[in-house]
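This report refers to the structure that appears directly beneath it.
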Amino acid sequence: MGSTATQGMHTLTVKPCINCSRRTSMPSTANFGTEFKMPMWKRLTSSSHISSRQPFFQSLSSSYAKNLEKVVTRAVSGAVEHNPLPGLPIDLRGMLLAGKRAFIAGVADDNGYGWAIAKSLAAAGAEILVGTWVPALNIFESSLRRGKFDESRKLPDGSLMEITKVYPLDAVFDNPEAVPEDIKSNKRYSGSSNWTVQEVAESVKQDFGSIDILVHSLANGPEVTKPLLETSRNGYLAAISASSYSFISLLSHFAPIMNPGGASISLTYIASEKIIPGYGGGMSSAKAALESDTRVLAFEAGRKHKIRVNTISAGPLRSRAAKAIGFIDMMIDYSSANAPLQKELSAEEVGNAAAFLASPLASAITGTVVYVDNGLNAMGVGVDSPIFENLDIPKDN
């Protein structure tokens, strides 16, 4: 989901009609009335492109035509003129998720996927709550207060993303009884309270009553730089605990306060199903578990709470967390050389995909892995190999 609309992809957007002569509610579709005797498709040159708008609108009453003009998305004219569109590609800012509340677990700075997802949800009209790892909480809140994140907080309309509340969170611990003494006495946790998953869910319920969107943007593997053959049992289990079971715990505790029709989203990586040398410490196993859990949780949470559960398999990003692995630049270069789309993936593109999955537009999508990686997951070989140098493969020079 890029920031511009291209020819051949024209979308319709329902925009509020401020000065309409009729009081007509159009939350998601336009009602064209019964005066059209012939099927609608006969009036359109194709199902995806309205090429003769004037005759179409002239067949309506003049006042109704003016109002209907307002309903047609700016994406139609923007796409034809190759002009970039503000905000999400579907211009439903302030409507798509209006009145919805999102809790994003795992936001500790302004350059990761969690932050980008928060921004896209905010641009679509959602209220933002975040959970920040306890040892990083003071720095994160201080940076927010001092305006360090103001530039990256800018939304497409020029306003700044507002974070309603920041909660301390350590999703490795389900409840206070699970916290060992050495963590309780750790100075990095001093001054913070109620930061286990159970306590955070209870605090959110007490503060706001309910949420509509839950985002899991958490991962940690203490031995991620070790090959799997050299990974210790404790390191492996720690990766599973922090990176996959934490999602089960979050959904288990937050689902009871999520409104029916809500959505939960996590972040995975292609290492769950393909070999990525250097991505060790059990992290590939944790991502595989996360994807399997996504399918099972989609069934269980869907049946019990009417909540959708999906995960986004995102491509490599130069985030602070990714840099800790040590070879993120190589992975980005590899993706740029071999993916169908030869460009560097932006965090915003992943954020926009999350906004779509959280929105009513994805109301029938659950239990899926959505790839947002410029198509790299579809490749079976690396075309930058010298073996393919004599093939006529288009390249972006």
Side-chain angles (χ1 to χ4, degrees), residues 105-109 111-114 131-137 139 168-189 192 195-198 200 215-253 266-297 311-332 334 369:
V107 180
D109 54 47
N111 73 342
Y113 283 136
T132 299
W133 189 44
V134 183
L137 180 67
I139 295 176
L169 171 67
D170 193 329
V172 169
F173 304 106
D174 302 323
N175 50 57
E177 293 73 27
V179 182
E181 288 300 323
D182 63 325
I183 294 295
K184 291 179 180 178
S185 59
N186 191 312
K187 63 180 182 180
R188 302 175 75 190
Y189 287 77
S192 295
W195 42 259
T196 64
V197 176
Q198 174 188 310
V200 173
V215 177
H216 175 276
S217 181
L218 297 165
N220 183 48
E223 298 180 16
V224 66
T225 58
K226 290 185 178 181
L228 191 57
L229 276 173
E230 299 175 13
T231 299
S232 69
R233 182 183 296 271
N234 286 338
Y236 184 95
L237 295 177
I240 294 287
S241 174
S243 307
S244 52
Y245 186 80
S246 57
F247 181 50
I248 299 174
S249 181
L250 278 167
L251 189 56
S252 174
H253 287 89
S266 64
L267 290 166
T268 185
Y269 182 49
I270 194 65
S272 62
E273 54 186 285
K274 303 288 176 65
I275 300 168
I276 305 294
Y279 193 72
M283 281 302 302
S284 58
S285 307
K287 293 303 186 183
L290 181 65
E291 293 179 19
S292 177
D293 295 341
T294 294
R295 291 182 284 271
V296 177
L297 292 172
T311 187
I312 294 175
S313 184
L317 176 74
R318 286 189 179 90
S319 65
R320 290 189 180 93
K323 288 178 181 178
I325 300 174
F327 67 106
I328 187 63
D329 290 334
M330 287 188 292
M331 294 307 300
I332 291 174
Y334 177 86
V369 178

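The chain is numbered in sequence order, starting from 1.
Within the structure, salt bridge (Lys or Arg N to Asp or Glu O under 4.0 Å) pairs that include any residue of residues 226-243 comprise Glu223-Lys226 (at least two apart or interchain).
Enclosure of atom CG in Leu237 by more than 12 non-hydrogen atoms of other residues, nucleotides or ligands within 6.0 angstrom is indicated. Environment of NZ in Lys187: sparse, with no more than 12 heavy atoms of neighbouring residues, nucleotides or ligands closer than 6.0 Å.
Pairing each heavy atom of Leu137 with each of Ser192, the nearest pair is CD2-OG, 3.8 Å. The two residues Val197 and Ala171 come nearest to each other via the heavy atoms CG2-CA, 3.6 Å. Taking each heavy atom of Ile328 and Pro316 in turn, the nearest pair found is CD1-CB, 3.7 Å. Contact detail for Val172 and Ala242: the closest heavy-atom pair is CG2-CB, 3.9 Å. Among all heavy-atom pairs drawn from Asp109 and Gly112, the shortest one is OD1-N, 3.5 Å.
Distance CG/Asp170 to CD1/Ile183: 7.0 Å, rounded to 0.5 Å. Rounding to the nearest 0.5 Å gives a distance of 10.5 Å between CE of Met283 and OH of Tyr269. Between atom CG of residue Leu228 and atom OG of residue Ser285 there is a gap of 5.5 Å, rounded to the nearest 0.5 Å. Atom CG in Leu317 sits 6.5 Å away from atom CD1 in Ile332 (nearest 0.5 Å). Considering CG of Leu290 and CZ of Phe247, their distance stands at 6.5 Å, rounded to 0.5 Å.
Taking the six-membered ring where tryptophan is involved, the planes of Trp195 and Tyr189 are tilted, since the angle between them lies from 30° to 60°.
Under the 4.5 Å side-chain criterion, counting only non-hydrogen atoms from C-beta, Ser249 is not in contact with Phe173. By the 4.5 Å heavy-atom criterion applied to side chains, Tyr245 and Asp174 are counted as neighbours. Within the 4.5 Å cutoff, the side chain of Leu218 has heavy atoms near those of the Leu250 side chain. Taking 4.5 Å as the limit, every side-chain heavy atom of Val369 sits out of range of all side-chain heavy atoms of Thr294.
Of the possible donor and acceptor atoms, one in the side chain of Lys287 sits under 3.5 Å from a partner among the backbone N and O of Leu267. Within the 3.5 Å criterion, the main-chain N or O of Ala239 finds a donor-acceptor partner in the side chain of Ser243. Between the Ser292 side chain and the Ala288 main chain, no donor and acceptor come within less than 3.5 Å of each other. Without hydrogens or angle criteria, Thr132 side chain to Ala108 main chain gives no donor-acceptor distance under 3.5 Å. The backbone N or O of Glu181 lies less than 3.5 Å from a partner atom in the side chain of Ser185, making a donor-acceptor pair.
Under the side chain to side chain donor-acceptor pair (under 3.5 Å) criterion, Ser266 pairs with Thr311, sequence neighbours left out.
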task: Under the side-chain contact (heavy atoms from CB on, under 4.5 Å) rule, what do Met331 and Tyr279 come out as? Steps first, then yes or no, please.
output: CA-CA 11 Å; Met331 294 307 300; Tyr279 193 72; over 6 Å; no

